[in-house]
Amino acid sequence: MDTRQFIQRDETCWEIKPYGNMRVPAIIYADAQLLEDMDQKVYDQLTNVATLPGIVEAAYAMPDAHWGYGFPIGGVAAFDPEQGGVVSAGGVGFDISCGVRTLHTGLNIAELQPHKQALADALCRTVPAGVGSRGKIHLNHDRMHGMLTGGAKWALEQGYGEAQDLDRIEEHGCMAGAEAHYVSPRARERQKDEMGTLGSGNHYLEVQRVAEIFDPVVAKIFGLHIDDVVITIHCGSRGLGHQIGTEFLKEMAMSAAQYRIVLPDRELACAPLNSPLGKKYLGAMRAGINCALANRQIITHLTRQAVATVFPGIHLGLLYDVSHNTCKLEHHMIDGQKKALYVHRKGATRAFGPGHPDLPDVFKKTGQPVLIGGSMGTSSYVLCGTQESEQRAFSSACHGAGRAMSRTQASKQWQGRTLVEELAERGIIIRSPSMRGVAEEAPSAYKDVSAVVDIADRAGLARKVAKLEPVICVKG
DNA sequence: ATGTCC
């Protein structure tokens, strides 16, 4: 888009002053190149978000922003319930609590090298991936309830994982305030055989090598050293989250008039935080968060089993688990006053800085790990939260490379088979049940993750700690 | 993202 539509506030900050029905400014963090390459729809969607009731400070877009359903993906917006603030299902996204977790393996790349194929086989065999993938776990009504209210904590109680995992998960593995009775029978039905599965699209399980360290002090505390092998899991709440999103979008769209909310775009459907529908969505969405936390916890267990068949006796400790599709009640300083706000992060990662009370002791000095997944065959990054991020975007950072091209366009332009061969030549093993899926995920269909992360770092949204390069990628 | 259209 045309950068002349913005006032450039500093090197990485571009502002649109409120006009028309906008209640607050819209702000995009980017450099001129990333901004030029962004779709005009990001501008339209972000300025639309800025019109919503009760929005506080500004509507923000992260450097990986691209157009999404209603809200842009890479969007951050906070709402004050005391000022008629709203919650929007489109502001969370269809894949509720989609997120990333990274595990230490204690291996280095030289130890892995001779066993790469064997490990790829084992992971592929053990972790179900792909559209409609099902697992070996089947949830009856009681176990479903336990999962929806207990998250990763429930998974742990069921025997999936280790007690020390919980401290290294957002919300300590269990999202409070989940109201399972607002999760429909159909959402439950879709999920009952899908626990411990990756799903499709940009979801993956990746074995990675620590390729570069930017901050040795923080990297050491995060347990990352050059040539260490780590495993990263990227997935969310599968069919259940999608069903919750679908149902509430519809209900919110139908009741907008009743709440006298004027929507510039039907896709921005929302409900007041203090309304019955708003509260109902929050309860169901939090159950969706628990589903995603439990799912990643079970996949972690399966990953540990798979790795143990190749490297017996190995221990996979959790670095951290972060979500990037949520709406969370958080306290932030607004005009010198502490306010309770509902922060929507859609394709944006929470990035609490040093000293934040919600962080476990191990991250109190460093800020939380901010895990940024790259696209297939490209690098991923580990960053750490900063204190200034709270003033910049309610303690948020980017979540990945961000799409630069639609799935349809990508599948026309590339062939899955060819991509797999090209990546194999670079020593990267891709395993996927869908070659079309691989084509849709072609590295060039995404923005340059390194450019995105550099901007996040320079904008102070989060600080670069380490770069990870893919070795094995199991894709949905 | 998604039993890639109930």
Engineer: Considering only distance and modelled atom types, tabulate donor-acceptor pairs under 3.5 Å from the side chains of residues 285-296 of chain A, sequence neighbours left out.
Structural biologist:
| residue | atom | partner | partner atom | Å |
| --- | --- | --- | --- | --- |
| A:N290 | OD1 | A:M175 | N | 2.7 |
| A:N290 | ND2 | A:L148 | O | 2.9 |
| A:N290 | ND2 | A:T149 | O | 3.4 |
| A:N290 | ND2 | A:M175 | O | 3.2 |
| A:N295 | OD1 | A:G196 | N | 2.6 |
| A:N295 | OD1 | A:T197 | N | 3.2 |
| A:N295 | ND2 | A:T197 | O | 3.1 |
| A:N295 | ND2 | A:G236 | O | 3.1 |
| A:R296 | NE | A:D321 | OD1 | 3.3 |
| A:R296 | NE | A:D321 | OD2 | 3.0 |
| A:R296 | NH1 | A:S97 | O | 2.9 |
| A:R296 | NH1 | A:C235 | O | 2.7 |
| A:R296 | NH2 | A:S97 | O | 3.4 |
| A:R296 | NH2 | A:D321 | OD1 | 3.1 |
| A:R296 | NH2 | A:S323 | OG | 3.2 |

Engineer: Could you list the protein-to-nucleotides 2-5 of chain B atom pairs, N/O on both sides, closer than 3.5 Å?
Structural biologist:
| residue | atom | partner | partner atom | Å |
| --- | --- | --- | --- | --- |
| B:dT2 | OP1 | A:R238 | NH1 | 2.8 |
| B:dT2 | OP2 | A:S200 | N | 2.7 |
| B:dT2 | OP2 | A:S200 | O | 3.3 |
| B:dT2 | OP2 | A:S200 | OG | 2.9 |
| B:dT2 | O4' | A:H242 | NE2 | 3.4 |
| B:dT2 | O2 | A:H242 | NE2 | 3.4 |
| B:dG3 | OP1 | A:R190 | NE | 3.4 |
| B:dG3 | OP1 | A:R190 | NH2 | 2.0 |
| B:dG3 | OP2 | A:E194 | OE1 | 3.4 |
| B:dG3 | OP2 | A:E194 | OE2 | 3.0 |
| B:dG3 | OP2 | A:R238 | NH1 | 3.4 |
| B:dG3 | N2 | A:R190 | NH1 | 3.3 |

Engineer: Who are the salt bridge (Lys or Arg N to Asp or Glu O under 4.0 Å) partners of A:E422, not counting sequence neighbours?
Structural biologist: none
Engineer: What pairs with A:A211 under side chain to side chain contact (heavy atoms under 4.5 Å, CB included), at least two apart in sequence or on another chain?
Structural biologist: A:R209, A:E469
Engineer: Not counting sequence neighbours, which residues clear side chain to side chain contact (heavy atoms under 4.5 Å, CB included) with A:R186? List them please.
Structural biologist: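 Per chain and number, A:R186 pairs via side chain to side chain contact (heavy atoms under 4.5 Å, CB included) with A:S184, A:Q243, A:E247.
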Engineer: Residues two or more places apart in sequence or in another chain: which of them pass side chain to side chain contact (heavy atoms under 4.5 Å, CB included) with A:E57?
Structural biologist: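 Here the qualifying residues are A:Y60, A:I334, A:F394.
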